[in-house]
Amino acid sequence: MIQPVRVRFAPSPTGFLHIGGVRTALFNWLFARHHGGQFLLRIEDTDEKRFVAGAADDLMESLRWVGLTWDEGPDIGGPHAPYVQSERHDQGIYRAYVDQLLAQGYAYQSFVSPEEQEQMKAEALSQGLKSFRFRGPERTWTPEQVAEAEAQGKPYTVRLKVPLTGTTVFHDLIRGGECISVENDELYDVVLLKSSGMPVYHLAHLVDDHLMGITHVIRGEEWVPSMPYHVLLYRAFGWEPPLFAHVPNMLRHNGQGKLSKRKDDVATNRFWERGYLPEAMFNYLALQGWSYDDHTEIMSVHELIERFTLDRVQSSPARWNPDKLKDMNGIYIRSLSVVDLARSIAPYLARAGLIGSPPQAEDLAYVEQLTFLIRERLEELSEAPDLLVFFFREVEYADPLLLVQKKMDIPTTVRALRLAHERLQPLETWDEASVEGVLRALVEELGLKAGQLFGTIRVAITGRTIAPPLFETLTVLGRKRSLARIVRAAQVLV
RNA sequence: GCCCCCAUAGUCUAGCGGCCCAGGACGUCACCCUUUCAAGGUGAAGAUCGCGGGUUCGAAUCCCGCUGGGGGUACCA
């Protein structure tokens with residue numbers, strides 16, 4: 001029997017989660033769902049210095065927003081709880097395994113301070129060595145020497161006793177299972193336990209992955225260089241290692257390095273306010289480094305789960321492309337029903353103070369009418385308030401000359417507005433067809449082009465030259481407000 | 001510097017020896033539709049498949065070198 005797939009996403013709470021991290025989580029999630037396995041979330045907070053309070057909650061919120069749910073995790077627990085490394089550390093989990101390595105001679109206590117290490121490095125380099133690979137002098141110490149140093153209360157770290165010779169090989173699912181090999185003399189004795197007693201990533205993640213029964217480690221390619229240490233550790237523990245898949249990094253838009261929290265606008269928790277639909281984000285991210293075939297791009301979560309396989313993950317890095325995301329967001333917006341889109345847009349209007357917050361039933365009903373007008377014009381939901389303000393606020397006519405169309409002047413424009421008012425006012429029914437009928441007749445009468453008259457009225461009604469279709473707009477705005485604006489526009493010009 | 005990974009249009013990608021003098025998408029441009037803007041439709045420009053060597057009857061696809069890009073080189077993850 002093949003054991004069920006178990007994968008994990010293990011971020012460290014050092015700030016907001018950026019979309020590159022979400023992409024890695026997404027691949028793990030899709031892989032787990034595809035195989036009917038489990039996806040777990042584990043918080044790796046072994047770096048006391050970079051810890052940011054609240055980051056773990058923020059990060060979980062980001063994952064939930066995109067639709068990634070976990071089967072075991074810090075908030076919901078699970079058979080291997082706790083899922084927070086600092087808590088596991090408090091239980092003495094890591095120390096026990098370090099002691100095992102120590103006892104078996106795979107690791108050693110090192111009393112070299114960071115400063116002394118720096119010195120050793122500087123010395124080695126000054127002697128013409130091309131590079132410095134730290135090897136602690138304690139490697140050859142007798143138990144008595146170690147005991148003595150310890151008795152003096154000297155702080156120490158525990159380091160992995162990396163073989164001096166030989167080669168360490170490993171393979172990677174994404175690089176076609178090709179063997180990657182590294183000479184052991186390129187390695188150094190990595191720290192496993194800091195002098196504070198806290199484990200370092202290399203040790204902690206590996207112990208947890210083993211204990212939690214992780215079958216596949218899908219993580220960023222920045223981990224490839226440390227694979228030899230992990231291989232050595234699995235060997236030292238005598239554990240069967242999981243399968244590894246290092247997914248390519250996401251590069252910055254300009255290709256200058258990998259996506260950066262500091263330099264790029266990629267905080268996952270900000271995409272809602274920027275007007276993005278989680279479905280669009282999900283779909284876009286799935287395509288960053290993975291593809292289904294030569295033409296399919298829009299795929300539902302269900303389809304993605306069905307189709308996602310690791311062998312179709314690219315081995316070369318992808319670049320963050322905001323334009324593509326935006327386009328995809330537009331596609332998802334247009335695919336929403338008017339009711340659903342109205343519901344999605346309402347919070348943005350409420351935020352802008354255009355409707356009640358939270359939106360009331362009557363607000364929503366009105367928004368549904370408006371939604372119809374901008375459905376095809378939205379790429380980001382956050383654009384809605386701006387596109388619709390004139391339905392909620394009086395127009396300002398900051399630049400009255402916008403009313404005057406090509407080949408027209410102020411007098412002809414004023415006349416057109418007055419006549420439009422005169423003809424529209426007596427209309428019995430105020431609907432699209434009637435309004436259009438009247439205005440088209442007026443175009444004829446005035447000997448204008450449709451674009452000229454309609455352009456003038458558009459500016460009169462909306463205050464701008466770019467707006468939703470005119471007759472629909474007039475209909476939704478209503479007779480009273482429409483006529484009032486036409487009158488005001490004419491007044492502004494004289 | 002040293003080590004590792006990667007390399008198809010501006011970008012994301014299809015391609016895993018002949019179906020490709022390279023397919024799809026974003027972006028760009030043009031035209032159609034049209035009351036503006038979009039959406040939609042049609043079409044165009046854009047890739048000597050990074051460069052140079054091999055292997056092969058045949059290479060974007062395999063091998064080697066170079067170049068370029070990315071990553072790592074922490075008591076950070």
Side-chain angles (χ1 to χ4, degrees), chain A residues 10-14 44-50 110 112-114 117 125 129-134 155-159 172 174-176 178 180-183 186-188 190-202 204-205 219-228 246 248-249 251 253 255-258 284 287-298 311-312 314-328 330-331 334 374-379 387 405 436 439-440 443 449-459 462 464-471:
Chain A
S12 56
T14 56
E44 309 216 320
D45 56 348
T46 51
D47 186 344
E48 306 104 308
K49 294 190 196 86
R50 293 200 306 156
S110 175
V112 176
S113 71
Q117 194 187 154
L125 262 27
L129 280 172
K130 281 192 221 159
S131 57
F132 175 70
R133 314 282 177 206
F134 182 88
Y156 66 90
T157 58
V158 175
R159 289 178 181 267
D172 183 279
I174 287 167
R175 276 144 261 269
E178 286 261 332
I180 296 171
S181 68
V182 177
E183 296 303 315
E186 294 290 349
L187 273 24
Y188 74 105
V190 259
V191 168
L192 264 20
L193 206 67
K194 309 179 197 181
S195 55
S196 65
M198 193 64 113
V200 135
Y201 171 86
H202 298 112
H205 96 276
R219 80 232 289 197
E221 69 175 336
E222 65 271 23
W223 293 110
V224 172
S226 42
M227 265 303 282
H246 290 93
N249 278 142
L251 268 31
H253 186 48
Q256 311 267 299
K258 61 174 179 176
Y284 171 78
L287 258 21
Q288 286 291 292
W290 175 85
S291 64
Y292 176 58
D293 58 17
D294 64 347
H295 64 279
T296 313
E297 290 199 331
I298 302 300
D311 61 304
R312 293 200 61 86
Q314 189 87 4
S315 49
S316 57
R319 253 189 238 197
W320 163 234
N321 185 348
D323 281 344
K324 181 80 177 180
L325 204 216
K326 209 177 188 183
D327 174 69
M328 207 166 256
I331 292 173
R334 272 171 263 131
I374 57 167
R375 218 164 109 81
E376 257 111 52
R377 275 155 264 263
L378 276 182
E379 271 195 317
L387 287 171
Q405 302 299 297
E436 180 167 1
L439 293 178
R440 289 222 183 261
V443 167
K449 292 217 164 134
Q452 292 176 300
L453 208 223
F454 300 165
T456 294
I457 298 177
R458 174 175 300 106
V459 175
T462 69
R464 50 183 77 178
T465 53
I466 296 171
L470 187 58
F471 310 124

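Below, chain A is the first sequence line, B the second, and so on; all start at residue 1. What's counted below: heavy atoms across the whole structure, side chains too, no hydrogens, waters or symmetry copies.
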Novice: Residues in side chain to side chain contact (heavy atoms under 4.5 Å, CB included) with A:Val158, at least two apart?
Specialist: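 Listed in chain order: A:Val98, A:Leu102, A:Ala107, A:Gln109, A:Tyr156, A:Leu193.
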Novice: Once each nucleotide of nucleotides 44-50 of chain B is scored for protein heavy atoms under 4.0 Å, what B/S/- sequence comes out, 5' to 3'?
Specialist: -------
Novice: Is the side chain of A:Ser291 donor-acceptor paired with the backbone N or O of A:Leu287 at a distance under 3.5 Å, no angle test?
Specialist: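 No.
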Novice: Given B:U13, is OP1 or OP2 found less than 4.0 Å from the side-chain N or O atoms of A:Gln288?
Specialist: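 Checking B:U13 against A:Gln288, no side-chain N or O comes under 4.0 Å of OP1 or OP2.
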Novice: Please check if the number of heavy atoms outside A:Lys194 that lie under 6.0 Å from its NZ is greater than 12.
Specialist: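 Counting neighbours around NZ of A:Lys194, more than 12 heavy atoms of other residues, nucleotides or ligands fall under 6.0 Å, so yes.
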Novice: So which nucleotide does B:A7 pair with, by the Watson-Crick or G-U wobble rule with both distances under 3.5 Å?
Specialist: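 Checking every strand shown, B:A7 finds its partner in B:U67, with both distances under 3.5 Å.
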Novice: More 5' along RNA chain B: A:His253 or A:Val182, using each one's nearest nucleotide?
Specialist: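 Result of the comparison: A:Val182.
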Novice: Which of these nucleotides, B:A7, B:C5, B:U13, is closest to any side-chain atom of A:Ile180?
Specialist: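 Closest nucleotide to the A:Ile180 side chain: B:C5.
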Novice: List every contact pair, protein side and nucleotides 40-42 of chain B side both N or O, where the distance is under 3.5 Å.
Specialist:
from	atom 1	to	atom 2	distance (Å)
B:G40	OP1	A:Arg334	NH1	3.3

Novice: Which part of the nucleic acid, if any, lies within contact of A:Gly289, taking any heavy atom under 4.0 Å across all strands shown: a base, the sugar-phosphate backbone alone, or nothing?
Specialist: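 The residue A:Gly289 makes sugar-phosphate contact but no base contact.
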Novice: Residues in ring-ring contact (aromatic ring centres under 6.0 Å, His included) with A:His205, at least two apart?
Specialist: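 With sequence neighbours excluded, A:His205 shows a ring-ring contact (aromatic ring centres under 6.0 Å, His included) to A:Tyr201, A:His230, given in chain and number order.
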Novice: Heavy atoms under 4.0 Å, any strand shown: does A:Ala467 hit a base, just sugar-phosphate, or nothing?
Specialist: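 A:Ala467: base contact, heavy atoms under 4.0 Å.
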Novice: Among all residues two or more places apart in sequence or in another chain, which pass the side chain to side chain contact (heavy atoms under 4.5 Å, CB included) test with A:Thr14?
Specialist: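 Only A:Ser12, A:Arg50, A:Lys261 meet the side chain to side chain contact (heavy atoms under 4.5 Å, CB included) criterion with A:Thr14.
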Novice: Do A:His253 and A:Arg319 pair up side chain to side chain, a donor and an acceptor below 3.5 Å, judged on atom types alone?
Specialist: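 Short answer, no.
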Novice: Mind listing the closest non-hydrogen atom pair of A:Pro155 and A:Ser195 along with its distance?
Specialist: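 Reported closest heavy-atom pair: CB-CB, 4.3 Å.
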Novice: Determine the interatomic distance between C1' on B:C12 and the same-named atom on B:C4; round to the nearest Å.
Specialist: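 Here B:C12 and B:C4 have their C1' atoms 25 Å from each other.
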Novice: Separation of A:Ile298 atom CD1 from B:U13 atom C1', in whole Å?
Specialist: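 About 14 Å, once rounded to whole Å.
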Novice: Once side-chain hydrogen bond (donor to acceptor under 3.5 Å, both in side chains) is applied, do any residues pair with A:Asp294, and if so which ones, sequence neighbours excluded?
Specialist: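 A:Asp294: no side-chain hydrogen bond (donor to acceptor under 3.5 Å, both in side chains) contacts found.
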Novice: Do the side chain of A:Lys258 and the main chain of A:Pro317 share a donor and acceptor less than 3.5 angstrom apart?
Specialist: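 Side chain of A:Lys258 to backbone of A:Pro317, a donor-acceptor pair under 3.5 Å: no, none is there.
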Novice: A:Pro468 near the nucleic acid: base, sugar-phosphate alone, or nothing, with a heavy-atom cut-off under 4.0 Å?
Specialist: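 Answer is base: heavy atoms of A:Pro468 come under 4.0 Å of a base.
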Novice: Among B:U11, B:G27, B:A39, which nucleotide has an atom closest to any side-chain atom of A:Asn321?
Specialist: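 Ranking B:U11, B:G27, B:A39 by closest atom to the A:Asn321 side chain puts B:U11 first.
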Novice: Over how many whole Å does the gap from A:Ile374 atom CD1 to B:A39 atom C1' extend?
Specialist: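 Distance, rounded to whole Å: 13 Å.
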Novice: Between atom CH2 in A:Trp290 and atom C1' in B:G24, what is the gap in whole Å?
Specialist: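 Going from CH2 in A:Trp290 over to C1' in B:G24 covers 14 Å.
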Novice: What is the separation between atom CG on A:Asp323 and atom P on B:U28, rounded to the nearest whole Å?
Specialist: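 My rounded result for the distance is 7 Å.
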Novice: Please state how far atom CD in A:Glu379 lies from atom P in B:C37, giving the value in whole angstrom units.
Specialist: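 That distance rounds to 16 Å.
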Novice: Provide the distance between the two P atoms, one in B:G41 and one in B:U11, to the nearest whole Å.
Specialist: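 Comparing P positions in B:G41 and B:U11 gives a spacing of 26 Å.
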Novice: When the P atoms of B:C2 and B:C21 are compared, how many Å lie between them, rounded to an integer?
Specialist: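 Comparing P positions in B:C21 and B:C2 gives a spacing of 42 Å.
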Novice: Roughly, in whole Å, what's the span from CG in A:Leu387 to P in B:A39?
Specialist: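 So the two atoms are 13 Å apart, to the nearest Å.
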Novice: I need a per-nucleotide contact map over nucleotides 68-77 of chain B, read 5' to 3'. Cutoff is protein heavy atoms under 4.0 Å; write B for the base, S for backbone only, - otherwise.
Specialist: --SBS-SBBB
Novice: Reckon A:Leu287 touches a base, only the sugar-phosphate, or nothing at all at heavy-atom distances under 4.0 Å?
Specialist: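 Here A:Leu287 touches the backbone only, sparing every base.
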Novice: Could you check which nucleotide pairs with B:G40 in any of the strands shown, counting Watson-Crick or G-U wobble with both distances under 3.5 Å?
Specialist: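 Pairing partner, where one exists within any strand: B:C32.
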Novice: Would you measure the distance from the C1' atom in B:G18 across to the matching atom in B:U34 and give it in whole Å?
Specialist: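 Looking at atom C1' only, B:G18 and B:U34 are 49 Å apart.
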Novice: Do A:Phe454 and A:Phe471 have ring centroids that are under 6.0 Å from one another?
Specialist: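 Yes, close enough.
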Novice: What does A:Arg312 touch in the nucleic acid at a heavy-atom separation under 4.0 angstrom: a base, only the sugar-phosphate, or nothing?
Specialist: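 Counting heavy atoms under 4.0 Å across all strands, the contact made by A:Arg312 is with sugar-phosphate only.
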Novice: How far does the C1' atom of B:G53 sit from the matching atom of B:A59, given to the nearest Å?
Specialist: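 Looking at atom C1' only, B:G53 and B:A59 are 14 Å apart.
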Novice: Using the C1' atom on both, measure B:G10 against B:A45 and round to a whole Å.
Specialist: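 One C1' to the other, the span is 13 Å.
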Novice: Measure the spacing between CD of A:Glu379 and CG of A:Leu325 and express it to the nearest 0.5 Å.
Specialist: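 It comes to 10.5 Å.
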Novice: Can you tell me the pairing partner of B:G18 across any strand shown, Watson-Crick or G-U wobble, with both distances under 3.5 angstrom?
Specialist: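 Checking every strand shown, B:G18 finds its partner in B:C57, with both distances under 3.5 Å.
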Novice: With heavy atoms under 4.0 Å as the rule, sort A:Gln314 into base, sugar-phosphate or nothing.
Specialist: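 Contact class for A:Gln314: sugar-phosphate only.
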Novice: When both hydrogen-bonding distances must be under 3.5 Å and the geometry is Watson-Crick or G-U wobble, what is B:U73 paired with, if anything?
Specialist: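 B:U73 is paired with B:G1.
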Novice: List the residues meeting side-chain hydrogen bond (donor to acceptor under 3.5 Å, both in side chains) with A:Glu44, not counting sequence neighbours, and say none if there are none.
Specialist: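 Partners of A:Glu44 by the side-chain hydrogen bond (donor to acceptor under 3.5 Å, both in side chains) criterion, ordered by chain and then number, come out as A:Arg42, A:Gln85.
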Novice: So, A:Asp45 side chain and A:Pro13 main chain: donor-acceptor pair closer than 3.5 Å or not?
Specialist: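 Such a contact is absent between A:Asp45 side chain and A:Pro13 backbone.
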Novice: For nucleotides 59-61 of chain B, which of its nitrogen or oxygen atoms have a protein nitrogen or oxygen under 3.5 Å away, and what is each distance?
Specialist:
none

Novice: When the distance from CD1 of A:Ile174 to C1' of B:C16 is rounded to whole Å, what number comes out?
Specialist: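 Computing the A:Ile174:CD1 to B:C16:C1' distance gives 16 Å.
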Novice: Does any nucleotide pair with B:A45 by Watson-Crick or G-U wobble geometry, both distances under 3.5 Å, and what is it?
Specialist: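 Partner of B:A45: none.
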Novice: Could you pull out all residues at least two apart from A:Arg133 that satisfy side-chain hydrogen bond (donor to acceptor under 3.5 Å, both in side chains)?
Specialist: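 With sequence neighbours excluded, A:Arg133 shows a side-chain hydrogen bond (donor to acceptor under 3.5 Å, both in side chains) to A:Ser131, A:Glu186, given in chain and number order.
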Novice: Separation of A:Lys324 atom NZ from B:C26 atom C1', in whole Å?
Specialist: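 These atoms are roughly 4 Å apart.
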Novice: Under 3.5 Å, side chain of A:Arg175 to main-chain N/O of A:His246, donor-acceptor pair present?
Specialist: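 Flag set: sc A:Arg175 to bb A:His246 pair under 3.5 Å.
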Novice: How far does the C1' atom of B:C32 sit from the matching atom of B:U8, given to the nearest Å?
Specialist: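 Approximately 33 Å lies between the C1' atom of B:C32 and that of B:U8.
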Novice: Heavy atoms under 4.0 Å, any strand shown: does A:Thr465 hit a base, just sugar-phosphate, or nothing?
Specialist: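 Counting heavy atoms under 4.0 Å across all strands, the contact made by A:Thr465 includes a base.
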Novice: With sequence neighbours excluded, what pairs up with A:Arg464 under the side chain to side chain contact (heavy atoms under 4.5 Å, CB included) test?
Specialist: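 Testing A:Arg464 for side chain to side chain contact (heavy atoms under 4.5 Å, CB included), a comparison that skips the adjacent residues, returns A:Asp386, A:Val389, A:Thr462.
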Novice: Sequence neighbours excluded, which residues qualify as side-chain hydrogen bond (donor to acceptor under 3.5 Å, both in side chains) partners of A:Tyr292?
Specialist: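 side-chain hydrogen bond (donor to acceptor under 3.5 Å, both in side chains) list for A:Tyr292, sorted by chain: empty.
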Novice: Both A:Gly455 and A:Glu186 contact RNA chain B. Which one's nearest nucleotide lies toward the 5' end?
Specialist: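 It is A:Glu186 whose nearest nucleotide is closer to the 5' end.
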